[in-house]
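Data block below; observations after.
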Protein chains: 2
Amino acid sequence: MLETVTPTQTRADEAFECLQTAIVKGELAPGEKIGEVELCERFNLTRGPLREALGRLESRGLLVRRPHAGFKVVSINGEELLELYRIREAMEGLAACQAAERMTDAEIADLQRLLDRHEEMVDEAQGQAYYQHEGDYDFHYCIAMGSRNRKLSQMLLGDLYYMVRLYRYRLSTSAGRPHRALREHRSIADAIANRDGELAQFLMQRHINAARLNIEKKIQEGVLTF
Amino acid sequence: MLETVTPTQTRADEAFECLQTAIVKGELAPGEKIGEVELCERFNLTRGPLREALGRLESRGLLVRRPHAGFKVVSINGEELLELYRIREAMEGLAACQAAERMTDAEIADLQRLLDRHEEMVDEAQGQAYYQHEGDYDFHYCIAMGSRNRKLSQMLLGDLYYMVRLYRYRLSTSAGRPHRALREHRSIADAIANRDGELAQFLMQRHINAARLNIEKKIQEGVLTF
DNA sequence: ACGGATATTATTGTCAACAAAAATGCTTGA
DNA sequence: TCAAGCATTTTTGTTGACAATAATATCCGT
């Protein structure tokens, strides 16, 4: 069989996912100008589906376009990154609140086990890298899904997270923060387990606010440049 | 000159705006299945740009698609509509807070004048219809823009508002609410004029929460059906 | 007559050639 | 030598034809 891809999915969907991961992984750097034909060769597609995918990426804010002048990967400055965290604070606070009311007991147990695994990883030095990048994402992913709020999870998972992850490689949290972040995750999960929505909301907002302040500090120190 | 449209804009952009307004205006009803060729005749375009527009609409959540089975206009039930208001409460609260810190004095004056015009309209009986539908939107539009938070205003104006407006014709607020809504708008604008971000946030959240409760009541009364 | 399988049809997905616009580089004149 | 205008070239936007898939209707068997 020549075709290895799943047939239920359309070529444009492929293109969309390929591009999205390529952008998030940094293979296409922020601000980089991208040409259509170049991408076609790179991903073995024709321009039709590719353009469809580009349009979708644009309306999700991952690409910006000037008519007749092509697309480029979105690049945000420090201030805009901080603004993203302000939005996260508001939206994920809501998500945590609703998750506390709506997650099933089984899902909560899964969430706790996820944190158990993260705890093991943080103890190992090289686990930190994973935890800081993907582990944190996994946790917030669970909360967003647990909110049972379709549009909310769609906006978080489909828009905001991708933009934040654009800069995750530069955002490896400072020395003591992984442990602290894990503790904060734990307390949020506990509040959810106790079905205390208000507390979960408060803790989540404080958690994200702390992350924002951490980034702000780094920017002022000149560690993060844009 | 044959072409009356602005040339800087691409055909796909036209299609996108045409479709968007058609959906929001209710010319394409929620749940309605839409065929590509049908739309091509209706808007005088070819399928290429149309498909591009459809893809964008999909990733904004206004259309849903099943592969090889076409698009249909999104239709949400009562619960999902209420969830939308929960999101608005969180996000517009933030917007109001940031607007209080960042709007220029001139913009605030404009906002006040906007409310003056609304006040005149509410006094006239037929003005209510406008105020309930578009006037309310104008107010929230100003706040969103005033937040100076690009992604936040993009998510509010480009995603949420369009979905809410899908149901605006069914959502004409109950008898006494226009006056109350206007009073609430006034107090929010005053808080912004006083540069009191926290208060503006609180008032905005209470305002949207009141609107949500109003809808909830209507659903329970059976006035709103889905 | 009813259910299932198959053939048909209509619709969506894909492609490659064509047209238009913008960016680039070249020529030409001062 | 520099700048402005023009031609070239590259890249994007558009089109219509072609292929593949899913929905529909028909036919046959039980």
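All chains are named by letter (A, B, ...) in the order of the sequence lines, taking the proteins before the strands, and each is independently numbered beginning at 1.
- One atom, CG of B/L63, and another, C1' of C/dT12, lie 15 Å apart when rounded to the nearest Å.
- Within 4.0 Å (heavy atoms only), B/G48 reaches at least one base atom of the nucleic acid.
- The CZ atom of B/R47 sits 12 Å away from the P atom of D/dA17 (whole-angstrom rounding).
- Residue whose closest nucleotide on DNA chain C sits further toward the 5' end, between A/A69 and A/A12: A/A12.
- Contacts of B/I34 with the nucleic acid, taken as non-hydrogen atoms under 4.0 Å apart, involve only primed sugar atoms and P, OP1 or OP2.
- Comparing C/dT14, D/dA22, C/dA17 by their nearest atom to the side chain of B/H68 picks out D/dA22.
- Comment: A/R56 engages A/D13 in a salt bridge, judged by a side-chain N to carboxylate O separation of less than 4.0 angstrom.
- The residue B/L54 sits apart from the nucleic acid: no heavy atom pair falls under 4.0 Å.
- When the P atom of C/dT11 is taken as reference, atom NZ of B/K33 falls 7 Å away, rounded to whole Å.
- In this structure, B/K72 places its NZ atom 14 Å from P of C/dT12, rounding to the nearest Å.
- The residues A/D116 and A/R113 are annotated as not salt-bridged, no charged nitrogen and carboxylate oxygen being separated by less than 4.0 angstrom.
- In this structure, B/E52 places its CD atom 11 Å from C1' of D/dT12, rounding to the nearest Å.
- No cation-pi contact links B/R60 to B/Y162, judged by a cut-off of 6.0 Å to the six-membered ring centre and 45° from its axis.
- For C/dG13, one of the phosphate oxygens OP1 or OP2 lies less than 4.0 angstrom from a side-chain nitrogen or oxygen of B/R65.
- Classification of B/E83 and A/R150 as a salt-bridged pair fails, no side-chain N sitting under 4.0 Å from a carboxylate O.
- Listed pair A/T10 / C/dT12 fails the phosphate criterion, with no side-chain N or O lying under 4.0 Å from OP1 or OP2.
- Rounded to an integer number of Å, the gap from CG of B/N44 to P of D/dT14 is 14 Å.
- Ring planes of B/H207 and B/H140: parallel class, angle under 30° (limits at 30 and 60°).
- Rounded to whole Å, the distance from CD on B/E36 to C1' on D/dA22 is 14 Å.
- In this model, the phosphate group of D/dT12 is not approached by any side-chain N or O of A/R66 to a distance below 4.0 Å at OP1 or OP2.
- OP1 or OP2 of C/dG13 sits under 4.0 Å from a side-chain N or O of B/R51.
- In this structure, B/R11 atom CZ and D/dG16 atom C1' are separated by 14 Å, rounded to whole Å.
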